[in-house]
Amino acid sequence: MPELPDVEAFRKVLASCAQGRRIQRVEVRDAGVLHGVSAARLRRELAGRSFTAAERHGKWLLARTDDGPTLMMHFGMTGELVCADAADPPDPHDRVVFTVGRERQLRYRDQRKLKGLWLADESGVARTLDRQGPDAMTVDRTGFDAALSARRGGVKSALLDQSVLAGLGNLLADEILWRARLHPARRVRDLTDGERGRLYRAMRGTLRPAVAAGHVPPRRSWLTGRRDDTDAVCPRCAEPLRRGRIAGRGTVWCPGCQPDAS
DNA sequence: CGGAGCGCCTGGAAGC
DNA sequence: TGCTTCCAGGCGCTCC
């Protein structure tokens, strides 16, 4: 679930809940979400420090600390970041709980534990972010073309590859391709300049309202709002939507609006 | 290099 | 009803 818009919402949660506040307590309820750091070291390195900047790149969320390491968070498919009162009952999927300030808690909650938390110094942060392409929210048209230029495969696979563009997930990729009227299996190299422009504008036009909403909104006027329908039809042309597996992922598209590769 | 397949985890839904 | 299997909005790895 968490794609760029969700992680941007978590960034705002981090900023409003914990930024500038002292970390009083670090409770690791399930060490299975910790990567390369023990519960003891996480506690030792963070307790007593304050969270400073809240940054996001693609689907990575970075919590900086004053003169300390950076907490890096990735939410996999089911993760979220919640601000709660210390008195609120814990959710069974609260894996790590940071008590900040008086009685406030920042909770890393995740059912499936596919990703989790890392603790990194500057070079560690750089090593992770160097593997990421430009952020999909802020990349300009020139950077977008540059990111796609080296690609030989299908366009959906390129959009999903975080080292090409950072932040798009399966839902967004389908939504953007539908909006751009491009079949997900089209080869990137075959796209005309006009088609790449359409794709870029579709990405911006999809991300802006999704970030405002904090997630990809399941509006009926969007493809996303139809993909769970039993007899799903295109919101634009009413053609029955097609489902298949493209780039190894469940993919939905409109055969009417998004003409086949060939 | 691209892309398919698998594994990491969990739990809800579908199948028998 | 109960047990089994499949599948999911992510991603890293191996293999062809």
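Proteins come first, then strands; the chains are lettered A, B, ... in the order of their sequence lines, and each starts at number 1. Only heavy atoms go into these numbers, but all of them, side chains included; no hydrogens, no water, no symmetry mates.
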* **Residue matched to B:dC8 through Watson-Crick or wobble contacts both under 3.5 angstrom** => C:dG10
* Asked: Heavy atoms under 4.0 Å, any strand shown: does A:Gln111 hit a base, just sugar-phosphate, or nothing?
  ->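 If one applies the 4.0 Å heavy-atom cut-off, A:Gln111 turns out to touch a base.
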* Asked: With sugar-phosphate meaning primed atoms plus P, OP1 and OP2, does A:Gly154 contact a base, only sugar-phosphate, or nothing at under 4.0 Å between heavy atoms?
  -> sugar-phosphate
Side chain of [X] only, heavy atoms from C-beta on: which candidate in [options] is closest?
X	options	result
A:Gln162	B:dC1, C:dC11, C:dA8	C:dC11
A:Lys59	C:dA8, B:dG3, C:dC11	C:dC11
A:His74	C:dG9, C:dC11, B:dG2	C:dC11
A:His93	B:dG3, B:dT10, C:dC11	B:dT10
A:Arg112	B:dT10, B:dG2, C:dC11	B:dT10
A:Arg151	C:dG9, C:dA8, B:dG3	B:dG3
A:Lys113	B:dC9, B:dG3, B:dG11	B:dC9

I need the [atom1]-[atom2] distance between [X] and [N], as an integer number of Å.
X	N	atom1	atom2	result
A:Lys156	C:dG9	NZ	C1'	10 Å
A:His35	B:dC8	NE2	P	14 Å
A:Met77	C:dG12	CE	P	15 Å
A:Asp161	B:dA4	CG	C1'	15 Å
A:Trp222	C:dG9	CH2	P	18 Å
A:Leu160	C:dC11	CG	P	9 Å
A:Lys115	B:dC8	NZ	C1'	9 Å
A:Ile176	C:dG9	CD1	P	16 Å

Are [X] and [Y] within salt-bridge range, i.e. N to O under 4.0 Å?
X	Y	result
A:Arg186	A:Asp190	no
A:Arg56	A:Asp135	yes
A:Arg64	A:Glu122	yes

* Asked: Closer to the 5' end of DNA chain C via nearest nucleotide, is it A:Trp60 or A:Thr224?
  ->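 It is A:Thr224, whose closest nucleotide lies nearer the 5' terminus.
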* To do: Measure the acute angle between the ring planes of A:Trp253 and A:His183, then classify it against the limits of 30° and 60° as parallel, tilted or perpendicular.
  => perpendicular
* **disulfide (SG to SG under 2.5 Å) between A:Cys17 and A:Cys83, worked out** => CA-CA 6 Å; A:Cys17 187; A:Cys83 190; 2.1 Å; yes
With a 4.0 Å cutoff (strictly under), does any side-chain N or O of [X] reach OP1 or OP2 of [N]?
X	N	value
A:Arg95	B:dC9	no
A:Ser157	B:dG2	no
A:Arg245	C:dA8	yes

* To do: Using the C1' atom as the reference point in each nucleotide, state the distance between B:dC8 and C:dC3 in Å, no decimals.
  => 24 Å
* Pick the P atom in B:dT10 and in C:dT1, then give their distance to the nearest Å. => 27 Å
* Would you please indicate yes or no on a ring centroid separation below 6.0 angstrom for A:Tyr108 and A:Phe75? => yes
